Amino acid sequence: MLEGYATAMPANAYNWIAVWRRNYLAWRKVAVASLLGNLADPMTNLFGLGFGLGAIVGRVEGTSYIAFLAAGMVATSAMTSATFETIYAASGRMNVQRTWQGMLCTQLTLGDILLGELAWAASKAVLAGTAIAIVAATLGYAAWSFLLYGLPAIALSGFVFASLAMVAVSLAPSHDYFVFYQTLIVTPMVFLCGAVFPVTQLPAALQDVAGLLPLTQSVDLIRPMMLGHEGGSAAFHIGALCLYAVLPFLLSAVLLRRRLMS
Amino acid sequence: MSSVALELSDVKKSYGQKAAINRLSFAVRPGECFGLLGPNGAGKSTIARMILGMVRPDAGKITVLGEPVPARARLARMRIGVVPQFDNLEPEFTVRENLLVFGRYFGMSERKIKAVAPELLDFARLEGKADARVRELSGGMKRRLTLARALINDPDLLVMDEPTTGLDPHARHLIWERLRVLLARGKTILLATHFMEEAERLCDRLCVLEYGRKIAEGEPHILIEREIGCDVVEIYGGDPQELCALIRPHARRVEISGETLFCYAPHPDQVSAKLHGRPGLRLLQRPPNLEDVFLRLTGREMEDA
């Protein structure tokens, strides 16, 4: 029986690259439009909320509100871009365009395909998160050095949310259900996880819940780095994010194997 | 090379209560074109997916190119080319890019792919189309590109699921001609089709399927000779029941299918003589074919079965 699950796991450490490169080639043809589309939303949030609300709010956790928000927006945009890439684009390649069916006729396994898709979604998260970080650094709201060592944190966050979204894809009976994942899970996290205001503003019970959510881990990892603070608990957040990346990946592999290969 | 390219023995697969594949066994020799012939729902696509390791049989044994499947299906797939029933080319990519991307799935280097691509495009009669986007190609060209793509890894076995369904006659004949070239080069082909003419033209041997069961197996002309063995007169118009009674003495067998009467007669001229002068009747005399075999074995026509 266990041998049956081999098909759901990556066959080796490099097969996924072929899948990533396929998506990269497709993206390159529409790169400009894709970049504008992906970046307009977080930038609007950053400047709209940052300047508008920032004037009222004043300083938050010892920094200007817009600097506080910029870190939240880096994590949030990594989440939304990885989520959207997975629930709309990757699921389209699975169900509508039959791209995955073609891949499954080659020496790729389902696990190779999944890993390639998640890595690709993480790459798009890096693109979105980095663009905001560059803007923030240019305006003096973030340390330039963040662009160096913050990238792995954004990539890991992207992988986490791609992996979670892949579970949603594997459970949803049809694409009409994706909106529930988006509105009931992804959007609430923006407000629960300290992206736009500190978690300490929440009622105590909600604070405990918020502490478990992946976006909280991502925000708490990225914000100290961006603001140039000491982040004593970075190792803990990285560990938690790794769990959030690996466990949903395994779960979605098992669920999708049942759906695609029986 | 082993004497068997592909073997299924006693394979079973059920979905819920419904048996999709029922104790199916057959073996395909290297270099042979073996047909799986049956109406939609007979289990052809399920068999193709089993051979690729995408469907795990409930019981039975599958060996593909010496590898046990599904246990080592990935290794088998390295030497298989697939022409799927539904087009899954990349519509936004060029012809060349489609080959490049697919070659990478097999772990081929870009240099290797670029080295083999021109020959594949020549073979598929797509020379000069390398930089065209797939969405600009005709249906026949897309199918030929799918065929070229299936050959990128220089496979020993080709698995084809309805390769010419939906094509116009010209495009279809071109595909058949290309497949014969591949057979001449020693490739083994498993051809799933519900298209009798295709099976008759291409297959060295075939098995006829109904509801996941094998109901006949053999060389097409031998099957036809064994099951039918005489000319067929198709009779249109008139009351089939009445005509049936009239011609039965001159026929080996009579089948009614829809509004057509199929009369299997060793001496067709006797049948036409008997019906001569009856108004509104149209008679067509022809040699027997696989469609007749299927009708004989199942009592149903293939297309609307």
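We name chains A, B, ... by the order of the sequence lines, and we start the count at 1 in each one. Remember, it's a predicted structure, so these values are computed and weren't measured experimentally.
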Practice prompt. Calculate, to the nearest 0.5 Å, the distance between atoms CG and CZ belonging to B:Asn98 and A:Arg22 respectively.
Written response: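 Rounded to the nearest 0.5 Å, the CG-CZ separation comes to 9.5 Å.
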Fill in: Among A:Lys29, A:Gln97, A:Gln101, residue most engaged with chain B (heavy-atom pairs, under 4.5 Å)
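Looking at each of A:Lys29, A:Gln97, A:Gln101 in turn, A:Lys29 comes out on top.
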Taking atom [atom1] of [X] as the centre, does the number of heavy atoms from other residues, nucleotides or ligands within less than 6.0 Å exceed 12?
X	atom1	value
B:Arg23	CZ	no
B:Lys187	NZ	yes
B:Glu127	CD	yes
B:Tyr15	OH	yes
A:Tyr14	OH	no
B:Arg111	CZ	no

Worksheet item: What pair of heavy atoms forms the shortest contact from A:Arg98 to B:Asp87, and how long is it?
Response: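 Answer, listing the atom of A:Arg98 first, then B:Asp87: CD-O, 3.9 Å.
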Worksheet item: Taking all non-hydrogen atoms of both residues, which atom of B:Arg49 and which atom of A:Leu260 are closest, and how far apart?
Response: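 Where B:Arg49 meets A:Leu260 most closely, the heavy atoms are NH2-O, 3.0 Å.
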Worksheet item: Side chain, backbone, both or neither: which part of B:Val82 has a non-hydrogen atom closer than 4.5 Å to chain A?
Response: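 For B:Val82, the side chain is the part near chain A, not the backbone.
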Worksheet item: Checking B:Asn153 against chain A: side chain, backbone, both or neither under 4.5 Å from a heavy atom?
Response: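 Neither part.
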Fill in: Neighbours of chain B found in residues 102-112 of chain A - heavy atoms under 4.5 Å
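A:Gly102, A:Met103, A:Leu104, A:Cys105, A:Thr106, A:Gln107, A:Leu108, A:Thr109 fall under the 4.5 Å cut-off.
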Worksheet item: Taking C-beta and beyond as the side chain, do B:Glu110 and A:Arg21 meet within less than 4.5 Å on heavy atoms?
Response: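 SC-SC contact between B:Glu110 and A:Arg21 confirmed.
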Discussion item. For the interface with chain A, which of B:Glu92, B:Glu90, B:Lys13 has the highest count of heavy-atom pairs at distances below 4.5 Å?
Written reply: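 Going by pairs under 4.5 Å, I would pick B:Glu90.
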